[in-house]
Chemist: 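Structure in structure tokens, see below.
These values consider heavy atoms only, across backbone and side chains, with no hydrogens, waters or symmetry-generated copies.
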Amino acid sequence: MSFKRLPIRVLAPLLFGIPVLVVGVWLSLTWNRQSQKAVTQLAEQSIEEIHRTTADKIADALSIPVKVCQVNKHLVTTRALPPDDLAAWRPTFVRESKTFDMLSAISWGSADGRSIWVSRYADGSTYWAIKNDSSSEMMEEWKLNSDGEVLQDTRNAFEFRLETRPWFQTPRDAKRPSWSDPYVWVGGGSDVETTLGISYGIPVYHVDRTLMGVVDADYSLNDLSSYLGKLKIGKTGMAFMLTADGKLLATSDGTNIISIEGNQLPAAESDNPKIQAAVKYLQSHNAGGDLSTHIDLAGETFYLHASQVGREVGLDWQLLTIVPEKDFVGDIEAEFARSWITSFVAVLLAVGLGLLAARWLVQPLTSIGESVRRIGQGDLDTRLNIQHAPEYNHLAAEINKMAEGLQDRLRMQKSLSLAMEVQRNLLPSESPRIKGLDIAGHSTYCDETGGDYYDFLDVGGSDEDTAVLVIGDVMGHGVAAALLMATARGILRSRCAVPGSLADFLNHLNDMLVVDTNGERFMTMLLITMSANKDTIRWASAGHGPPIIYSPKENKFPQLDGGGLPLGLMEGEKYSEYWQPGIHPGTVILATTDGLEETMNEAGEQFGKQRLEELVRENANKPAEEISQIIRQALVGYRGAGSQDDDLTFVVAKVL
């Protein structure tokens with residue numbers, strides 16, 4: 001049949017409708033393919049961002065029991081918490097429990113079998129328990145009111161043997177700070193409310209290295225499930241966490257993590273098909289680290305992403321997210337189907353409207369396809385401004401939101417880089433030149449920004465031969481820690497304009513910080529005053545370890561004690577100033593944050609104070625800067641292929 005024989009009423013729809021249909025379908029296919037590619041990339045970036053954010057959250061949360069144990073260890077060793085009077089510990093433990101409400105228990109176990117704790121059960125009730133007689137088999141427990149006072153009519157006694165408790169056994173046997181395996185416990189008068197928790201303990205030793213006891217803090221992993229439940233993972237995706245041996249730690253959708261028998265549930269035995277499918281894939285591919293892949297479940301494709309979390313605090317956990325692919329590309333496929341139907345309808349209406357319909361349909365698709373292509377190539381300034389059908393307007397708005405989201409992430413990265421540069425400018429650019437003293441400082445952050453701080457203060461009224469050194473460590477890492485560090489630096493430098501003792505400086509700084517932190521964040525700090533014209537140094541500490549002093553003349557390291565609570569916890573805390581004589585020419589003074597001693601090698605062993613002292617002893621005859629470089633090189637060599645998990649900051653001062 002010749003087209004010339006067809007009437008115009010038939011030929012016109014064919015001439016206009018078929019090209020419209022062909023072009024519309026071709027552009028729809030092109031747009032669909034490019035859109036799916038761009039959206040898939042954005043989805044993967046979004047999931048990776050969720051993993052990074054969650055890993056930081058978990059690291060910050062799990063650093064709290066570590067810091068609390070470090071504070072309590074310091075309080076025990078300084079006898080602010082007297083080991084021979086456990087009943088006097090209750091106000092301190094109650095105050096810490098209220099400050100860090102994510103902790104389910106704060107405990108102490110003496111080597112002789114005595115023990116105390118303040119615990120918070122799943123129903124919200126708080127209890128105080130004490131076993132003050134090592135010869136007794138019984139422990140007494142009372143419920144506490146909201147003010148932390150004992151309710152006498154709630155007394156309960158039960159059989160208790162400290163040496164059988166994992167929170168005591170694990171660090172005692174390891175002879176170093178250790179995490180326990182996750183455990184399940186029930187309390188507070190309810191057999192329904194259960195808590196999955198984990199404990200961190202630090203063994204405390206006498207001067208003769210015999211065990212004094214173990215300080216412990218328990219963290220409720222139920223809080224991790226609550227946090228995961230607040231994450232938006234696609235539309236219907238979920239997140240869950242596993243231990244290294246494949247047991248569930250937390251889930252975002254309320255899936256049981258505790259078996260009917262009251263034990264931690266292996267992920268392979270979960271009744272959630274998504275968790276079963278993810279674990280089956282990990283086991284079949286022997287995947288224990290980070291991965292990003294696709295899996296099939298009941299005929300549907302899912303994104304599976306896994307990453308390691310908790311290594312910053314010494315834990316080997318895994319975070320997994322599983323999201324249906326349709327959560328990201330379903331809207332694009334629906335839009336594609338609608339655009340194809342629109343093209344087909346345009347063919348039916350092509351008589352007299354063919355060209356107009358073709359223009360009306362093709363132009364927005366062309367614009368969308370070109371914009372998506374440019375976005376996919378990295379042109380994030382591309383914006384769609386389409387005044388057309390609601391579907392196109394909605395799609396254009398969603399693509400614009402995706403592009404804006406990517407720009408926000410790039411701006412955030414640039415802001416972090418700028419914050420890092422600003423923070424490093426807050427640290428001293430060079431060491432002070434003081435007659436008779438040789439001083440060198442160094443700081444290396446493990447993230448873009450950090451919470452470590454050191455400085456050389458210009459105190460009003462002090463002479464030119466006197467050096468005032470300061471070193472501090474803010475709880476946690478990241479921007480929040482950097483802001484608290486910068487605030488503390490500004491307050492301290494401002495206070496130095498007025499003469500005063502080191503204790504006065506800490507008192508003033510603590511009162512100012514408590515107003516900003518409300519006792520929820522804190523930092524430790526050590527102040528040292530020294531002069532080549534004097535054979536003593538003065539120092540004051542707020543929860544920070546004392547300086548390491550080595551006297552070549554006597555070939556020994558004096559043991560220093562003293563200090564108060566970290567800054568920012570309690571308003572009105574009063575600090576003391578201490579003196580150390582015997583500072584002769586050649587004496588080396590080293591002030592550090594905990595990142596040096598806690599540097600881990602590939603076997604998980606800490607560098608330790610003893611190795612640090614040996615470095616100082618062997619190189620005491622060298623200049624301060626050379627000693628600083630030797631310490632840094634030793635830490636890098638000890639760490640090996642492992643990553644730096646904490647900020648490293650220290651100041652070396654030598655009397656010439």
Side-chain angles (χ1 to χ4, degrees), residues 65-66 68-97 100 103-121 125-144 148-152 154-189 195 197-220 262 561:
V66 175
V68 169
C69 285
Q70 291 172 345
V71 169
N72 287 340
K73 175 186 175 182
H74 175 75
L75 295 177
V76 172
T77 56
T78 58
R79 300 191 67 82
L81 292 176
D84 53 352
D85 185 9
L86 299 186
W89 294 30
R90 178 169 57 84
T92 299
F93 276 21
V94 169
R95 185 165 59 247
E96 292 176 346
S97 180
F100 305 104
L103 297 180
S104 55
I106 303 173
S107 311
W108 162 261
S110 297
D112 59 6
R114 294 177 300 126
S115 183
I116 56 170
W117 67 62
V118 169
S119 58
R120 181 183 294 106
Y121 295 112
S125 58
T126 303
Y127 287 78
W128 158 256
I130 181 169
K131 178 182 178 182
N132 214 5
D133 184 358
S134 59
S135 63
S136 173
E137 294 291 330
M138 303 302 291
M139 190 164 200
E140 295 180 301
E141 183 180 58
W142 293 267
K143 191 173 184 179
L144 302 179
E149 298 297 329
V150 171
L151 300 175
Q152 295 295 338
T154 62
R155 179 184 177 277
N156 178 38
F158 52 90
E159 187 173 342
F160 177 81
R161 296 182 63 192
L162 177 64
E163 63 271 13
T164 65
R165 297 301 173 109
W167 64 263
F168 179 81
Q169 289 178 330
T170 302
R172 179 200 63 184
D173 296 343
K175 297 182 179 180
R176 60 182 176 84
S178 305
W179 291 96
S180 72
D181 292 332
Y183 60 88
V184 178
W185 62 301
V186 179
T195 298
I198 187 171
S199 70
Y200 181 83
I202 300 178
V204 182
Y205 295 93
H206 293 286
V207 176
D208 61 0
R209 300 305 297 167
T210 58
L211 182 66
M212 182 188 301
V214 173
V215 290
D216 171 80
D218 293 16
Y219 180 82
S220 171
D561 291 317

Chemist: Distance only, no hydrogens: is a donor on one side chain within 3.5 Å (strictly under) of an acceptor on the other, for Ser199 and Ser180?
Modeler: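 Yes, because at least one side-chain N or O of Ser199 sits under 3.5 Å from a partner of the opposite role on Ser180.
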Chemist: Would you sort out whether Lys131 and Glu141 count as a side chain to side chain contact (heavy atoms under 4.5 Å, CB included), showing the intermediate values?
Modeler: CA-CA 9 Å; Lys131 178 182 178 182; Glu141 183 180 58; over 6 Å; no
Chemist: Does some side-chain heavy atom of Tyr205 sit less than 4.5 Å from a side-chain heavy atom of Met212?
Modeler: no
Chemist: Under a 4.5 Å cut-off applied to non-hydrogen side-chain atoms, are Ser115 and Phe160 in contact?
Modeler: yes
Chemist: Salt bridge (Lys or Arg N to Asp or Glu O under 4.0 Å): which pairs involve residues 172-183, sequence neighbours left out?
Modeler: none
Chemist: Between Val76 and Pro83, what is the shortest heavy-atom contact and its length?
Modeler: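 Distance-wise, the nearest heavy atoms are CG1-CG, 4.2 Å.
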Chemist: From the options Tyr200, Phe100, Phe93, Tyr219, select the one residue that forms a side-chain contact (heavy atoms from CB on, under 4.5 Å) with Val68.
Modeler: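 Exactly one candidate clears the test, Phe100.
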Chemist: Flag the pair Ser107 / Phe168 as yes when at least one side-chain heavy-atom distance between them is below 4.5 Å, and no otherwise.
Modeler: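 With C-beta onward as the side chain, the pair stays apart.
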Chemist: I'd like to check Thr126 versus Val118 (side-chain heavy atoms, cut-off strictly below 4.5 Å). Are they in contact?
Modeler: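 Yes, at least one pair of side-chain atoms sits under 4.5 Å.
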Chemist: Would you name the heavy atoms of Gly201 and Pro171 that are closest together and state the gap between them?
Modeler: O-CB, 3.6 Å
Chemist: Checking the side chain of Thr170 only, and the main-chain atoms of Trp167 only, is there a donor and an acceptor separated by less than 3.5 Å?
Modeler: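 Such a contact is absent between Thr170 side chain and Trp167 backbone.
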Chemist: How far does CZ of Arg161 sit from CD of Glu137, to the nearest 0.5 angstrom?
Modeler: 6.0 Å
Chemist: Considering non-hydrogen atoms only, spot the tightest contact between Ile202 and Cys69 and give its length.
Modeler: CD1-CB, 3.5 Å
Chemist: What is the ring orientation for Trp108 with Trp89, classed by angle as parallel under 30°, tilted 30 to 60°, or perpendicular over 60°?
Modeler: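 Answer is tilted, since the angle falls between 30° and 60°.
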Chemist: Measuring from atom CD1 of Ile130 to atom CH2 of Trp142, what distance do you get when rounded to the nearest 0.5 angstrom?
Modeler: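 Between atom CD1 of Ile130 and atom CH2 of Trp142 there are 7.0 Å.
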Chemist: Quick one: pull up CD1 in Ile106 and OG in Ser119 and give me the separation to the nearest 0.5 Å.
Modeler: 10.0 Å
Chemist: State, yes or no, whether a side-chain contact exists between Val150 and Leu144 at a heavy-atom distance under 4.5 Å.
Modeler: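 Val150 vs Leu144: side chains touch.
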Chemist: So which atom in Gly148 and which in Arg90 form the shortest heavy-atom distance, rounded to 0.1 Å?
Modeler: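 Looking at all heavy atoms of both residues, the shortest contact is O-NH1, 2.8 Å.
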Chemist: Give me the atom names and distance for the closest heavy-atom approach of Pro203 to Leu211.
Modeler: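 For Pro203 versus Leu211, the nearest heavy atoms are CB-CD1, 4.0 Å.
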Chemist: So, Arg79 and Asp84, do they make that salt bridge, N to O below 4.0 Å?
Modeler: yes
Chemist: Say you draw a straight line from CD1 of Ile116 to CE of Met139; how long is it, rounded to the nearest 0.5 Å?
Modeler: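 Here the interatomic distance stands at 8.0 Å.
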Chemist: Of all the heavy-atom pairs spanning Thr154 and Leu151, show the shortest one and how long it is.
Modeler: OG1-O, 2.5 Å
Chemist: Quick one: does any side-chain atom of Arg120 pair with a main-chain N or O of Leu103 as donor and acceptor, under 3.5 Å?
Modeler: yes
Chemist: To the nearest 0.5 Å, how far apart are OG1 in Thr92 and CG in Asn72?
Modeler: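 Rounded to the nearest 0.5 Å, the OG1-CG separation comes to 8.0 Å.
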Chemist: Excluding sequence neighbours, so at least two apart, what forms salt bridge (charged side-chain N to carboxylate O under 4.0 Å, His left out) with Asp112?
Modeler: Arg114
Chemist: So how far is it from Ser134 OG to Leu162 CG, rounded to the nearest 0.5 Å?
Modeler: 11.0 Å
Chemist: Heavy atoms, side chains only, cut-off 4.5 Å: are Asp216 and Arg165 in contact?
Modeler: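 No, too far: nothing below the 4.5 Å cut-off.
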